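First up is the structure itself, then whatever we jot down about it.
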Number of protein chains: 2
Amino acid sequence: MPEPRIDDVAAAAGVHRSTVSRAFSKPEAVRPETREHVLKVAAELGYSMSPLAQALRRRVSNLVPLIVPDITNPFFAELAHTTAAAARRQGYQLILCLTDGDQSLTSKYLDSVHSMYSPFGIIAPSTPVDLESLRRDAFDNRVVVIDRVNSDYSVPTVTVDSAHGIDLAFEHLSSLGHTEIAYAPGIVGTNTAYDRRKAYQRAASMRDVKPQVLGSTHTADIGSEVVDDWLDSAQRPTAVIASNDAIAFAVIAEFSTRNIRVPEDVSVVGFDGLDLGAHFNPRLTSVKQPIEAMGEISIQLGEKLMNGETAEHIMLEPTLLVRSSTGEVTS
Amino acid sequence: MPEPRIDDVAAAAGVHRSTVSRAFSKPEAVRPETREHVLKVAAELGYSMSPLAQALRRRVSNLVPLIVPDITNPFFAELAHTTAAAARRQGYQLILCLTDGDQSLTSKYLDSVHSMYSPFGIIAPSTPVDLESLRRDAFDNRVVVIDRVNSDYSVPTVTVDSAHGIDLAFEHLSSLGHTEIAYAPGIVGTNTAYDRRKAYQRAASMRDVKPQVLGSTHTADIGSEVVDDWLDSAQRPTAVIASNDAIAFAVIAEFSTRNIRVPEDVSVVGFDGLDLGAHFNPRLTSVKQPIEAMGEISIQLGEKLMNGETAEHIMLEPTLLVRSSTGEVTS
DNA sequence: TCCTCAAATGCAACCGATCTCACAATCGAT
DNA sequence: ATCGATTGTGAGATCGGTTGCATTTGAGGA
């Protein structure tokens, strides 16, 4: 048997199409008894509305795109995870769009979902978003960006307070006696990468620590670059703050490969606070981003956007997750 | 300006709607000159077809669901990555559906995408799929399963040869002098978990190794269970094969926490061959699943399915990725 | 009992495309 | 020149709902 359509339900319930439609999508517009009857008949027939047809007529769908550069990066995986959950809770279906770092794909995806009448979209960029093109491309600006945005305050954003995060890391390391604290930057380009690095510089000078940035050329193997620089350093840092957990993993792996022990010889703290870090060796101390909140809030901002409210800029506070990759300085 | 519709293009080009439609979706049915003219006019207007309207009328969309239990598990992340790429290449838009281990969500998702006229769906289950319900639920059986299927050969599947994978691990460990080789199973339930464990038992007995399965109660912390069992073992295994990389990570982290060194005190080999393992400490030796091929082939099987071809069962061969978590036995 | 007005329902156009069928133009063959 | 077979285009129903407007229903008041 084919799927029942709205007319089948209408016939079976002895009412008109439009009444069935209202029974589902505008409950207050129909008499309670009628509504119940229609719903019962519909249930008996195993009827459910076609989201496609709805979207076509209403010009609004429940498909919300989340655009991320790389799902293979556990940070984005966790973000996708929490955002999908938040989306589902609100009745949206999250569409995960993977750009693989290809800028042009972003606007392509945006076009594509726009033509599916998405109510809004969420972008977690790897490189600065070209907002000019976003706006023009589509979507009437109904885009939420996870990360700061340079030039344009009309786009709502959710970010994490990098400066505070870095401060937490410094504080922790200082309390363990570290005074030579270096920084391992990630891929440049994003605002967060920039913010964190900046925050490192500031925090270092505030504490009379000589800023040392390790491995800035960014070839394929970040880990060995960082460790090379560390070894070459006149005054070897006793601690390294990585700009994110993935970098921290790579750095620790490389230290270990060269028989430099973490945290005995050098402490490492990450930035992300991924669950995965709890099963790393050693278990990774890290600045924890409130990823769950980020997902939740992105959806909320999106909904405000579609209600025509003005752009908000939410900044979330990170916390410190102390595990085993940091220890007292021994010298 | 509102988005142009097909009638706008038709008017501007001086032809009928249907001709425009054909110019796009059935090129051979329209005179070349007409076609070119229509396409040019459409381009000038910045016109593109509404996928929603298309899907509604054709009763086929380009939305392909990939249902996975947990994107936070890097295996599924890599799978999603490659499958999304393969899907895009064929003009599909992958919809990632996260079940979080909630069985009932699977059929919900299936219903949902079915009503969006998905041509087929892909399921990478964490627990055995209830095919009865899948079939009945929706989709006319147009589902590809990544993992074996027990009861039903009418569903196409793509699997990896677990037995061979385990053999590779054994071979490698044997060549390093290991004779006490234990196994750390993952979450039970999936066929792959079952297959791998079975394969371990068989491979062990074939090589006169006493099978030792570590940590089978499966509380929250698998790592410490495994290590507890390892410590309690009368004859401590010199090597552990983990049923997947995530388990291997957890086990190594726990070994290390208790000051047991990998690979000096015990070798560990994983199963998945994730890129992430290359940045683990120590870099993880692992049986590598051909994840890229799995994604690609799932899409292909799906396409065959929608063309009415009969179900195929593809089995892929794993390879061994030798890194640094295994070493010669020292006793 | 009749009238009024609001609430509930029916009617029919519409969202943006596809597709079957009918019709016109073109062509080769007789 | 006539005719049947192709080929290309137009007409209009259709996919499965939504929605503004018209109409019916029913409660309350005179």
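Note that this is a predicted model, so its numbers are computed, not measured. Within every chain, numbering begins at 1; the chains are lettered A, B, ... in the order of the sequence lines, protein sequences first and strands thereafter.
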Partner residues of A:Arg17 under the side chain to side chain contact (heavy atoms under 4.5 Å, CB included) criterion, sequence neighbours left out: A:Ile6, A:Asp7
If only side-chain N and O atoms of B:Gln54 are considered, is one of them under 4.0 Å from the OP1 or OP2 phosphate oxygen of C:dA17? no
Short side-chain N/O contact to C:dA17 OP1/OP2 from B:Tyr47, under 4.0 Å: yes
Toward the 5' end of DNA chain C, by each residue's nearest nucleotide, A:Gly14 or A:Leu56: A:Gly14
Which residues share a side chain to side chain contact (heavy atoms under 4.5 Å, CB included) with B:Ala43, sequence neighbours left out: none
Got a sec? Which of residues 23-33 of chain B come in under 4.0 Å of DNA chain C, heavy atoms? B:Ser25
For residues 304-316 of chain B, which residue pairs qualify under salt bridge (charged side-chain N to carboxylate O under 4.0 Å, His left out), counting only residues two or more places apart or in two chains? B:Lys304-B:Glu312
Write out all pairs satisfying ring pair (Phe, Tyr, Trp, His ring centres under 6.0 Å) with one or both partners inside residues 39-91 of chain A, taking only residues at least two apart or from two chains. A:Phe24-A:Tyr47
My understanding is that only residues two or more places apart in sequence, or in another chain, count here; which of them pass salt bridge (charged side-chain N to carboxylate O under 4.0 Å, His left out) with B:Glu28? none
Between residues 15-22 of chain A and DNA chain D, which residues have a heavy-atom gap below 4.0 Å? A:Arg17, A:Ser18, A:Ser21, A:Arg22
I'd like to know if the side chain of B:Thr34 and the backbone of B:Val30 have a donor-acceptor N/O pair within less than 3.5 Å. no
Along DNA chain D, 5' to 3', what are the outermost nucleotides having an atom less than 4.0 Å from a heavy atom of chain B? D:dG8 to D:dG16
What is the distance, rounded to the nearest whole Å, between atom CZ of B:Arg59 and atom P of C:dC19? 12 Å
Is it true that the side chains of B:Gln289 and B:Asp272 contain a donor and an acceptor less than 3.5 Å apart? yes
Tell me the ring pair (Phe, Tyr, Trp, His ring centres under 6.0 Å) pairs involving residues 295-315 of chain A, sequence neighbours left out? A:Tyr153-A:His313
Using whole Å, what does the distance between atom P of nucleotide C:dC19 and atom CD1 of B:Ile6 come to? 11 Å
Treating B:Ser61 as the side-chain partner and B:Leu63 as the backbone partner, does any N or O pair qualify as donor plus acceptor under 3.5 Å? yes
Once you round it to whole Å, what is the distance between P of C:dA17 and CG of A:Leu52? 13 Å
So, B:Asp102 side chain and B:Thr99 main chain: donor-acceptor pair closer than 3.5 Å or not? no
Mind checking salt bridge (charged side-chain N to carboxylate O under 4.0 Å, His left out) for B:Arg59 and listing every partner two or more places apart, or none if nothing turns up? none
Under a 3.5 Å cutoff, is there a donor and acceptor pairing between the side chains of B:Tyr117 and B:Gln54? no
Nearest-Å distance, CE (A:Met49) to P (C:dC15)? 19 Å
Contacts of type side chain to side chain contact (heavy atoms under 4.5 Å, CB included), residue B:Glu36, not counting sequence neighbours: none
Find the distance B:Glu3:CD to C:dC15:C1' and express it as a whole number of Å. 14 Å
Starting at atom CG of B:Asp8, determine the distance to atom P of C:dC14, rounded to an integer number of angstrom. 14 Å
Check for a donor-acceptor pair, side chain of A:Ser25 on one end and backbone N or O of A:Ser21 on the other, with a separation under 3.5 Å. yes
So, does the side chain of A:Arg57 form a donor-acceptor pair with the base of C:dC14 at under 3.5 Å? yes
Axis-to-axis angle across the helix from C:dT1-D:dA30 to C:dT30-D:dA1, five pairs an end, to 10 degrees? 50°
